[in-house]
Amino acid sequence: MTVPEMFGENVFNLDVMREKMPKDIFKSLKKTIDEGKPLDGSIAGAVAHAMKEWAVEKGATHYTHWFQPMTGVTAEKHDSFISPTQDGKVIMEFSGKELVVGEPDASSFPSGGMRATFEARGYTAWDPTSFAFIKEGTLYIPTAFYSYTGEVLDKKAPLLKSMEALNKQALRILRLFGNASAKRVVPTVGAEQEYFLIDRKMYDARKDLIYTGRTLFGAKPPKGQELEDHYFGAIKSRVSAFMHDLDRELWKLGILAKTKHNEVAPAQHELAPIFSITNVACDQNQLMMETMKRVAARHGMYCLLHEKPFAGINGSGKHNNWSMSTDTGLNLLDPGSTPAENGQFILFLVAVIKAVDEYQDLLRLTVAGAGNDHRLGSNEAPPAIVSIFLGDELTAVLEALDHDVKYEGRGKQVMKLGVDTLPDLPKDTTDRNRTSPFAFTGNKFEFRMLGSTFSIAGPNIIINTTVADTLRAFADELEGAEDFNAALHELVVKTYRAHKRIIFNGNNYTDEWKAEAARRGLLNLANTADALPHFAAKKNIELFERNAVFTEREVLSRMDIMLDNYAKVLAIEGLTMIEMAKEDIYPSVNAYLSDVCDLIGKKKALRLSVAAEEEVAKKLSAANEAMYFKANEIDKLLIEAKECPNAEAAAKFFAGKVIPVMQELRAYADEMELTTAKKYWPFPTYGEILFSI
Ligand code: ADP
Ligand code: MG
C-alpha cells in the first residue's frame, strides 16, 4: 500500500463521509464542521448509521466516546455495537443518541470538589470537527465531557470555547481591515514531541520508572550528552524500525507525522507533525503519545514521556507552534507584502505581545507540574520567566514606530502603519533563539515551555483566550475610529510601549537575564506550588468569564486538581524512594559491605594492606546509614503532609519540605552506587539504561 493510500485509512474523514452519507446529510454535517458547531440532532441518526456501517466494514465491533478528563491522559469506555433481535441473534446497531451523547460513569475522575457524589454522572458529546477513527477494533469518537449541570470537566470543552472566543474577536478585526470573505478564524498548532526509548528489560528492572515514569536514583554515567554526538545523529536500526512502524500507525490515523530525528540526550528522539486546527492537533498529540507507547512495546522497548527521566541528562519537552488562520487559508501572523497586510500583521502581533505580558502568570502555570519543574530554568529549557523573542529586525520595526523615527532598513523613512510596507523580514529560522520561551519564528509563535507529558489543551486555552481578549479591546477601540489608519498606528504604538518589557531577544539561560527580568518587573514563578495559585487571581477569573471559557467555580476546581496532582505525584515519588532505598539499596550495599569486611579480616590475617577496603567500608557504612535515616525522615514528612489544610498548603509543603530531603537521600544513594561493586547494585545504572538500544 502506498503512503497516500494508507493515509487516513482508519479515519471517518470527509471523503468517507461523502461516500457513505446521503447528499443532504453530508452537506449539513460539512456545514457544521466548517462552522465549528455542535452536531445538529436531526441528522445524528443518519450520521451514526453511516459511521457504524463504515466501522463494521473495517472490522470494528465496539465504539467508545473518547475524552480528555483532568488526569492528563485520555479516557475511554468501550461498548459493543451488538443489539439482540427477537430470534436470539444480534445485529450491529449504533443510534444517533449514542453518537451525540455518551454517559461515562465519571465519579472517579478528578473534579476538584465540583461534583458532589450524588450527581456523579457526566456526559460526553461528539466534537464533529475532530474525525472519528478506528483503533484496534474500536470506533473512537472524540468528545467533550460535561457534568449534567453543564460544567466542564475536561480539557476539550474549554479549548473549543477558547477557539470560539478567538474566532469571534479576530473576525471583528479582519472586518476592520476590509476582509469580508473570511467566515472563520481558527488557531493552528503544530506540536513537536520529544521522548526517550529504552529497552523494556531496563524499564522492568526499575521500580521508579514503573511507578513514577522517571528515575529517582542514578549516578551520572561516564558518558552522557557531553559530546553532543546524538543530536541529529544516525538513527539506530532498532529505533529506525520503531519509527517506521510509528509513522505508518500515525498516518493510518490521519496524523501528519512529518519530521523525526535524534535529540540531544542519548536515547532521546523527536517527532513533529504538520500543523492543524488546534482541537485536532490536541487530539492527535494525545493519540501520538499513546501510539508511541504501544509501538515501542511491540519492539521490546519502552517509551518514556516524562519531562525528566534522568537527572543530569536533558529532559523532554513539547513545542507548541501556534498561529491563527482564516478558513480561506490566510495565516494572520504572516507579515504579508502590502501596506494593509502589514498593518494587520503588526496589529495581531502586538495583540500577542500584550496578551503574553498581561497573562505571564497563566502561561507559566499551564506548563507547571512536578515533572516540568525539573526542566524549566535548568539550561535545557527556557527559564520559568515568560518572555517573547521577536528577533532584531522585527524589534527594530516596532522600535522605529515607537520612537517615530526613521527605520534604517527602509531607505530612512518614517513608517506609517497601513500606509507603508514592512521591510523584508528574515524568515530563516536557522539562527533563531532557542532559549526563548515564546519565540516568533517568521509566521507563527513557538511556545517552548511545555513538558513532554502535557496535554497541549491547557496552554492553548490560555493563548487563545488571552489573545481573543486583547483583540476584543482592540476592536472596541478601532470600530469607532474616524481615521482608521491613524487610530491603528496610535493603538499599535501605545500597546507596544506598554508591553515591550516582555520582549527579550538575548540568551534566556543566563543569570543576567534573571536579574534584568526582575528589574523589568516580570514574574519568575520558580515552581509549580508558586505558579498554580495565580490561576485564581481576580484579573484571570474576569478574563475567563468575559470570554465564556471558564466560570469562577471551574477555575477554582481546575486549580485544585492541578495542585492536588502535584502533591500526589511527589507523594508517590517519596514512597517509591523509601521502598527502593530500604528494600533494595540498603540491603544490597550491606551485602557488599559484609563481603568487604570479611575480606578485611582475611587480609589482616595475612598482614596485607587493607587501606582501600577500609575506605570503602567506612564510606559505604556511613552513607548507607545516612540514607536509611533520610528515608525515615521522608516517611514522617509524608504523614505530616496529610495534615495540610488544603491543596495549596500541601503543594507548598512538598515543594519546600519534602523535595529537599528527597534530594539529600538521592545524593547518598548515587554516591554509594559509584563505590559498590556492580554485581551487588540492585538495578540497572544510567549507563546501562541510556545505551541499552
Ligand atoms: P522547527 O525548526 O522547530 O522544527 P518548523 O518550521 O519545521 O520548525 O515547524 C515546526 C512545527 O511548526 C511543525 O509542526 C509545523 O507544522 C508547525 N507550523 C508551521 N506553520 C505553522 C502555523 N502557521 N501554525 C501552527 N504551526 C505551524
Ligand atoms: Mg521547535
Side-chain angles (χ1 to χ4, degrees), residues 7 129 159 162-163 166-167 170 174 182 184-195 231-232 243 246-247 250-251 253-264 268-289 292 314 316-336 341 344-345 348-349 351-352 355-356 380-382 388-389 391 394 425-450 452 454 456-457 459-464 467 508:
F7 189 82
T129 55
L159 180 64
S162 73
M163 290 169 68
L166 185 70
N167 170 46
L174 288 182
R184 199 163 133 75
V185 171
V186 293
T188 50
V189 165
E192 303 164 62
Q193 176 75 45
E194 290 181 342
Y195 61 97
Y231 193 49
F232 281 71
M243 289 176 168
L246 178 63
D247 275 344
L250 295 175
W251 290 337
L253 291 168
I255 299 174
L256 293 154
K258 172 89 174 159
T259 316
K260 52 188 181 188
H261 61 77
N262 284 351
E263 263 298 330
V264 175
Q268 193 185 28
H269 314 280
E270 182 188 293
L271 178 66
I274 295 173
F275 71 96
S276 55
I277 172 168
T278 306
N279 59 322
V280 173
C282 179
D283 287 356
Q284 295 195 337
N285 181 255
Q286 292 289 341
L287 212 45
M288 196 156 106
M289 291 194 283
M292 281 174 170
N314 272 13
S316 300
K318 180 138 56 190
H319 290 172
N320 190 84
N321 295 274
W322 180 93
S323 188
M324 297 167 274
S325 166
T326 63
D327 55 333
T328 51
L330 181 71
N331 179 352
L332 301 181
L333 289 177
D334 198 323
E341 285 170 353
Q344 182 181 301
F345 160 71
F348 281 113
L349 183 77
V352 177
V356 172
E380 57 173 277
I388 292 182
F389 167 86
L394 200 48
L425 298 170
K427 276 234 181 83
D428 181 17
T429 50
T430 48
D431 68 337
R432 69 173 189 233
N433 187 333
R434 292 193 172 269
T435 68
S436 172
F438 208 95
F440 184 71
T441 55
N443 58 5
K444 62 186 186 292
F445 277 98
E446 186 171 3
F447 185 30
R448 302 211 183 92
M449 292 172 86
L450 282 73
S452 48
F454 279 68
I456 62 169
N460 284 299
I461 290 169
I462 301 305
I463 301 173
N464 296 341
V467 173
N508 283 255

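Both counts, for ligands and for their atoms, begin at 1 and track the order of listing.
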Using a 4.0 Å cutoff against the non-hydrogen atoms of Asn331, which atoms of ligand 1 qualify?
23 (N)
Going by atom types only, do Ser323 and Asn331 share a side-chain donor-acceptor pair under 3.5 Å?
yes
Check: Trp322 N/O within less than 3.5 Å of ligand 1 N/O:
no
Side-chain donor-acceptor contact under 3.5 Å, Asn321 with Thr441
no
Among Lys258, Gln284, Met288, which one satisfies side-chain contact (heavy atoms from CB on, under 4.5 Å) with Pro273?
Met288
Those atoms of ligand 1 less than 4.0 Å from some heavy atom in Gly190:
14 (O), 25 (C), 26 (N)
Lys444, Glu446, His319: member with heavy atom nearest to atom 18 (N) of ligand 1:
Lys444
The test is side-chain contact (heavy atoms from CB on, under 4.5 Å); show your working for Met292 and His269 and say whether it passes.
CA-CA 11 Å; Met292 281 174 170; His269 314 280; over 6 Å; no
Sub-3.5 Å donor-acceptor pair from the side chain of Ser452 to the main-chain atoms of Glu194, do we have one?
no
Which segment of Thr188 sits under 4.0 Å of ligand 1 when only heavy atoms are counted
both
Suppose I only count heavy atoms of Pro273 and a 4.0 Å limit; which atoms of ligand 1 are within that range?
13 (C), 14 (O), 16 (O)
Between Phe447 and His319, is there a side-chain heavy-atom distance shorter than 4.5 Å?
no
So is there a nitrogen or oxygen of Val189 less than 3.5 Å from a nitrogen or oxygen in ligand 1?
no
Backbone or side chain, does any N or O of Ile274 fall under 3.5 Å from an N or O of ligand 1?
no
For Arg434, take its heavy atoms, then give the atoms of ligand 1 lying under 4.0 Å from any of them.
2 (O)
Minimum side-chain heavy-atom gap Phe389-Asn508 below 4.5 Å:
no
